[in-house]
Amino acid sequence: MVDHMASAQTPCASSLNSTLPNNLLNSLQFSSKCYSMNIIMMQKAKESIDLLTFPYAWNVLSFPAGPPSQILKIGVFVKKWPHRSHAGGLERHALTLHLALAKRGHELHIFTTSSPNSTFPTYPFPNLVFHLSRPTSGGYLDQAVVWEQFRAQNSTGRPFDVVHTESVGLLHTRAKNVSNLAVSWHGITYETIHSDIIQELLRSPEERQATMMTERAMKVVEEVRFFQRYSHHVATSDHAGDVLKRIYMIPEERVHIILNGVNEEIFRPELSLGIDFKRKFGISKSRSLVLGIAGRLVKDKGHPLIHEALKQIFMENNKFQQSVTVLVAGDGPWGARYKDLGANILVLGPLEQAQLAKFYNAIDIFVNPTLRAQGLDHTLLEAMLSGKPVMATRVASITGSVIVGPESGYTFSPSVESLKKTLYKVWNDGRVVLENKGKAARQRGLQLFTATKMAAAYERLFLCISREQYCKYQK
């Protein structure tokens, strides 16, 4: 059976009533492409799937959980390795994925930068080797240095079976020489143009008009040209995969969709964690709703938008203000501004993973007002695995891969009015409705967004790149 949560029959399913039994119809999960159905039909017919041309997210497939068929030697390029809570989505992806692969027994060589002002983290895996170098003035990998490090390791023992670069960790000028390379894109410029449009629409009259869109368009042209030099491309959302194939014109056998995953052992429902967290921060049981916000507290993550929406609601609805608590986790300039909204806004600062797990368990719903229409935000996935419904901006990467229907959460247009309307709906729906949506969100998260699912998909892709025999999938 395909890894999708159970839901009601969809219009997509109803067109094939005569060919699918009821138990399969009831298991279909709605999506705009109805790809659940296509996978079921292929598996029902026992067809072999060519993974290199598989058009949907590999997360929906089930790969063997036993020891890997082959121990791979993997080279990894990432411009920065995460340290404690100071990490963006790309760095968190690199950490989660490659630690999981090391636990599976693969030999990994990580080419990354080291900061002279901090101690580099250590891990209990002798098969996880770091090759450190000083970053350039812009904070990137020194390509000449890491290329020599890579060549030295590639000629030591056996050559690398596969090479993985997180975005442009390895630039295309070097990558064009590596045929067994896969690049994971955590944001592409074509998606950024949507973000530019949103921010321009939200610009206040006194702010200077942005001039970036023409530059962005030319950068898309530049990317279309140099992306071709990477052998294989991993899109971290369904939308990005579609853009890479249609707009960037990369052949479909070189584009593979693997959705981001987060550690399901850390992010899980645990009532006691939430109770302890509320007690620690003095959150009263009388509060009817606890909203959670987490991430970098900066403009492009939508904090001016939700700040204004909450400000207006508090001014016009005293009952909402008195019954709702908002927890804000993260660091950035908007942290101080949230404090001005009143005592029911608690700004917690950046949290380590263990504290974040408690944070998610303490809230009733997670809100992500991002204005960035690129990548697949880890905070949404962490909240879902913690059993919480999610509420997020209606951008393609989110509505195409994460909140695909109302069962697990809410979406809103990037405007104050739309956000206010959705916040009121959440408040009026109440905890019982939110708890049910949270259960559905966790079920979807377990089936698509775990570190285990993500690592299994990458492992199979890497095996496929190294040996053609692994490119055929049979359920």
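Numbers for residues simply follow the sequence, beginning at 1.
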Can you confirm whether [X] sits close enough to [Y] that some side-chain heavy atom of one is under 4.5 Å from a side-chain heavy atom of the other?
X      : Y      : answer
Thr113 : Thr136 : no
Glu200 : Asp196 : no
Phe77  : Val183 : no
Asp142 : Arg134 : no
His109 : Lys73  : yes
Gln199 : Lys299 : yes
Trp334 : Val328 : no
Phe359 : Leu273 : no

I'd like to know if the side chain of [X] reaches the main chain of [Y], judged simply by a donor and an acceptor atom lying under 3.5 Å from each other, with no hydrogens or angles considered.
X      : Y      : answer
Asp300 : Leu371 : no
Gln143 : Leu171 : yes
Lys437 : Pro406 : yes
Gln443 : Gly387 : no
His131 : Gln153 : no
Asn154 : Pro159 : no
Arg92  : Gly89  : no
Glu107 : Val129 : no
Glu382 : Asn263 : no
Asn368 : Ala392 : no

Once rounded to the nearest 0.5 Å, what's the spacing between atom [atom1] of [X] and atom [atom2] of [Y]?
X      : Y      : atom1 : atom2 : result
Arg216 : Glu223 : CZ    : CD    : 10.0 Å
Glu166 : Leu141 : CD    : CG    : 11.5 Å
Thr370 : Leu305 : OG1   : CG    : 10.5 Å
Phe366 : Leu291 : CZ    : CG    : 11.0 Å
Thr192 : Arg372 : OG1   : CZ    : 7.0 Å
Thr379 : Tyr360 : OG1   : OH    : 5.0 Å

Can you tell me if [atom1] on [X] sees more than 12 non-hydrogen neighbours from other groups inside 6.0 Å?
X      : atom1 : value
Arg158 : CZ    : yes
Glu148 : CD    : yes
Tyr410 : OH    : yes

Please name the pair of heavy atoms, one in [X] and one in [Y], separated by the smallest distance, quoted to 0.1 Å.
X      : Y      : result
Phe160 : Ile74  : CD2-C, 3.5 Å
His303 : Arg296 : NE2-O, 3.1 Å
His93  : Ser184 : CE1-OG, 4.3 Å
Ser231 : Ser179 : OG-O, 3.1 Å
His378 : Gly261 : CD2-O, 4.2 Å
Leu259 : Asp238 : CD2-OD2, 3.8 Å

field: side-chain contact (heavy atoms from CB on, under 4.5 Å) assessment of Gln70 paired with Asp161
entry: CA-CA 10 Å; Gln70 174 189 341; Asp161 296 296; 3.8 Å; yes

query: So, are Glu222 and Lys219 salt-bridged, with charged N and O less than 4.0 Å apart?
result: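 Salt bridge flag = no for Lys219 with Glu222.
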
Identify every side-chain donor-acceptor pair in residues 462-471 under 3.5 Å, counting partners at least two apart or on other chains, and give the distances.
residue	atom	partner	partner atom	Å
Ser466	OG	Phe462	O	3.3
Ser466	OG	Leu463	O	2.9

- request: Apply the test side-chain contact (heavy atoms from CB on, under 4.5 Å) to residues Leu95 and Glu91: give CA-CA distance (whole Å), side-chain angles for both, the deciding distance (0.1 Å), then the verdict.
  value: CA-CA 6 Å; Leu95 175 69; Glu91 290 83 15; over 6 Å; no

- prompt: With sequence neighbours excluded, what pairs up with Tyr140 under the side-chain hydrogen bond (donor to acceptor under 3.5 Å, both in side chains) test?
  reply: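 Residues passing side-chain hydrogen bond (donor to acceptor under 3.5 Å, both in side chains) with Tyr140: none at all.
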
task: Can you spot which of Trp58, Phe54, Trp185, Tyr458 makes a ring-ring contact (aromatic ring centres under 6.0 Å, His included) with His256?
output: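 The passing option is Trp58.
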
query: Should the ring pair His172 and Phe226 be called parallel, tilted or perpendicular, given that the plane angle runs from 0 to 90° and is split at 30 and 60?
result: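 Correct class here is parallel.
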
- prompt: Distance under 6.0 Å and angle within 45° of the ring axis: does Lys388 meet both against Phe267?
  reply: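 No.
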
- request: Starting from the C-alpha separation in whole Å, work towards a yes-or-no answer on side-chain contact (heavy atoms from CB on, under 4.5 Å) for Arg246 and Tyr190.
  value: CA-CA 11 Å; Arg246 287 191 308 106; Tyr190 183 85; 5.6 Å; no

- request: Could you verify whether a donor N or O on one side chain and an acceptor N or O on the other, from Ser386 and Asn361, lie under 3.5 Å apart?
  value: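 Absent: no donor and acceptor within the cut-off.
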
message: Is there a side-chain contact (heavy atoms from CB on, under 4.5 Å) between Leu170 and Trp147? Walk through the geometry before answering.
response: CA-CA 8 Å; Leu170 184 65; Trp147 185 251; 4.1 Å; yes

